[in-house]
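In this text, all values refer to a predicted model and were calculated from it rather than measured experimentally.
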Amino acid sequence: MAFYYSEPSRTFSEYLLIPGYTSEDCVPDKVSLRTPLVKYRKGEEPAISLNIPMTSAIMQSVSNDSLAIALAKEGGLSFIFGSQSIESQAQMVAKVKGYKAGFVVSASNLKPENTLNDVLALKEQNGFSTVAITEDGTATGKLLGIVTSRDYRVSRMDGTEKVATFMTPRAKLITAPASTTLKEANDIIWEHKLNSLPIVDENDRLMYFVFRKDYSSHKAHPLELLDEKKRYLVGAGINTRDYASRIPALLEAGADVLCIDSSEGYTCWQANTIAWVRQNYGDTVKIGAGNVVDRDGFLFLAKAGADFVKVGIGGGSICITRETKGIGRGQATALIEVAAARDEYFKETGIYVPICSDGGIVHDYHMTLALAMGADFLMLGRYFARFDESPTPKVLVNGAYMKEYWGEGSNRARNWQRYDLGGSSKLSFEEGVDSYVTYAGSLHDNVQASLYKVKSTMCNCGVTTLPDLQRDAKLTLVSSVSIVEGGYHDVQLRASGSSN
């Protein structure tokens, strides 16, 4: 006879937090949202931690290089989507790693005989306004000059004009030698009021640029997620089919952490993928796995060697796995059971394997509930798809601006590897939809607003860290009548714009 759970599976909207004692020191500005991303042993620090408990979903319509950079600035991490060629995914990873390194290898380079049209085409291609002019047109050639937007006026110049005629020549450039430290470089930038400082070797060959904007960006984003070389951290999604060729390319591009992208993780294919990574790279390569919805699934992946485990099946806003296959579980119930299994595993082995809540987040307060229920961090798709930095275009639909958003199991994405069960190489049926989400503006503004709500609620609960929230939170189930009571009721809303 089949096994039947005695309790229904529940969603975040069926729970509320009960306030705890709030002291005078428990204010949002003192709340830390730092959290582990990968497993660690008791008494040790994790190799990678997040400064905010947010990661972006491994989706074509969410996680490209532009969103990865924006999220890393806030302290979170993106997993660049894997349903693309190995080369293009590696290029996206490399763009994130090269975007801010303190010392940046020049990404835009031309020769003196190139034209203004070449400069404009290069700027259109990669978005950079600083172009290094070198003898051979490479990033490490002998430096002959620099072109920035201050060196030309499109309306008053012919596009065929040679770069040599309007570039700022080497003789007028302030440069620094290879021995220059980042602090010294920034001091030179500020002393001479520069936007960029070329670093050259003893033969006057260009090595790096140091940019003023990187220093300013750091001051504006104190929680930015950086590696030891001051580059942004970035993750990458992989599948259980071509990992042997995809993973080396992603690591070569600089990926800091990998994650198996799958709708269901309790499989031999995920164990095989993790085993291959451990055999070839040991513990130096960090790899997450999932998704699971119960104790057995978590323990399977933890014992297989996963660095973190994702929780959730069928709870995404564009996911129709439950409708098409009748498989899944309410996100709150799944998360509560897996969190208990994680704590059990930690107690028995001394190894803490973080869990990621993936799906089911509709409102900002659901984030706090997920964290209180035991999630170490969240993976969000629809949330990030709404922002300027996501890869999809902003379109006008019925008078309102929207962003396109589609599932990896949709006919548009055709990411059959995500639903791999060892069969034919094709998408047999859809498990996701193609849709729109309401445009919401910049990632920075929205993340700041959402996380302030999380911090404020944590203070209501009397805690200032996520471990304390997980330990001290008190949650209650709510009835359908309580849910109605929790919103506005028994009033008639005034029309927006009415006078006081």
Side-chain angles (χ1 to χ4, degrees), residues 64-67 69-70 87-88 90-92 94-178 180 185-186 188-217 388-396 401 442:
N64 67 341
D65 49 298
S66 61
L67 190 120
I69 291 167
E87 294 74 21
S88 61
Q91 286 174 3
M92 285 189 181
K95 284 182 180 179
V96 179
K97 299 306 292 185
Y99 181 81
K100 181 183 184 302
F103 294 96
V104 182
V105 176
S106 179
S108 295
N109 311 284
L110 292 173
K111 299 178 182 179
E113 56 265 34
N114 284 111
T115 66
L116 175 59
N117 285 335
D118 295 326
V119 172
L120 298 176
L122 198 56
K123 183 178 180 181
E124 176 69 21
Q125 176 183 323
N126 60 28
F128 301 134
S129 59
T130 299
V131 180
I133 309 304
T134 60
E135 197 169 59
D136 59 2
T138 69
T140 56
K142 186 174 181 179
L143 184 63
L144 301 180
I146 287 178
V147 170
T148 71
S149 55
R150 294 182 300 181
D151 291 311
Y152 59 85
R153 293 186 68 176
V154 176
S155 61
R156 297 188 179 184
M157 295 171 63
D158 190 295
T160 61
E161 190 167 339
K162 300 292 186 183
V163 165
T165 65
F166 60 87
M167 70 181 185
T168 301
R170 171 69 181 89
K172 293 185 178 180
L173 294 176
I174 294 173
T175 63
T180 307
N186 281 318
I188 294 171
I189 286 173
W190 284 95
E191 179 183 350
H192 295 278
K193 300 180 180 179
L194 306 173
N195 287 323
S196 64
L197 176 69
I199 307 296
V200 296
D201 67 12
E202 65 276 10
N203 297 315
D204 218 31
R205 296 178 69 87
L206 180 62
M207 297 176 66
Y208 309 103
F209 276 110
V210 177
F211 291 98
R212 172 190 287 263
K213 65 179 178 61
D214 286 346
Y215 179 84
S216 302
S217 176
D388 288 319
E389 296 84 355
S390 75
T392 63
K394 183 173 69 173
V395 294
L396 197 61
Y401 280 110
S442 77

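- Side-chain contact between T130 and N195 is absent, with no heavy-atom pair separated by less than 4.5 Å.
- For the residue pair P198 and I146, the shortest heavy atom distance occurs at CG-CD1, 3.6 Å.
- Remark: S108 pairs with N126 by the side-chain hydrogen bond (donor to acceptor under 3.5 Å, both in side chains) rule, at least two apart or across chains.
- Using a 4.5 Å heavy-atom cutoff, the side chains of E135 and R205 are not in contact.
- In this structure T138 satisfies the side-chain hydrogen bond (donor to acceptor under 3.5 Å, both in side chains) test together with D136, sequence neighbours excluded.
- In this structure F211 satisfies the ring pair (Phe, Tyr, Trp, His ring centres under 6.0 Å) test together with F209, sequence neighbours excluded.
- Between V147 and L110, the closest side-chain pair of non-hydrogen atoms is not below 4.5 Å.
- Annotation for A178 and M207: closest pair CB-SD, 3.5 Å, computed over non-hydrogen atoms.
- Considering NZ of K394 and OG1 of T392, their distance stands at 11.5 Å, rounded to 0.5 Å.
- The shortest non-hydrogen separation linking L116 to M157 is CD2-CB, 3.9 Å.
- Annotation: side-chain hydrogen bond (donor to acceptor under 3.5 Å, both in side chains) contacts of N64 (sequence neighbours excluded): S66.
- Side-chain contact between V104 and Y208: absent, with no pair of heavy atoms (C-beta onward) separated by less than 4.5 Å.
- Paired with P112 under the rule side-chain contact (heavy atoms from CB on, under 4.5 Å), one option of T134, V163, L144 passes, and it is L144.
- Pairs of residues two or more places apart, or lying in two chains, never qualify as salt bridge (Lys or Arg N to Asp or Glu O under 4.0 Å) while including a residue from residues 102-129.
- Screening residues 148-170 for salt bridge (Lys or Arg N to Asp or Glu O under 4.0 Å) gives R170-D204 as the qualifying pairs, with residues at least two apart or on separate chains.
- In this structure, the side-chain contact (heavy atoms from CB on, under 4.5 Å) partners of A185, at least two apart in sequence or on a different chain, are T180, L197, V210.
- Scored by the side-chain contact (heavy atoms from CB on, under 4.5 Å) test, K172 finds T168, P169 as partners (sequence neighbours excluded).
- Considering all non-hydrogen atoms of both residues, S106 and A139 come closest at O-CB, 3.4 Å.
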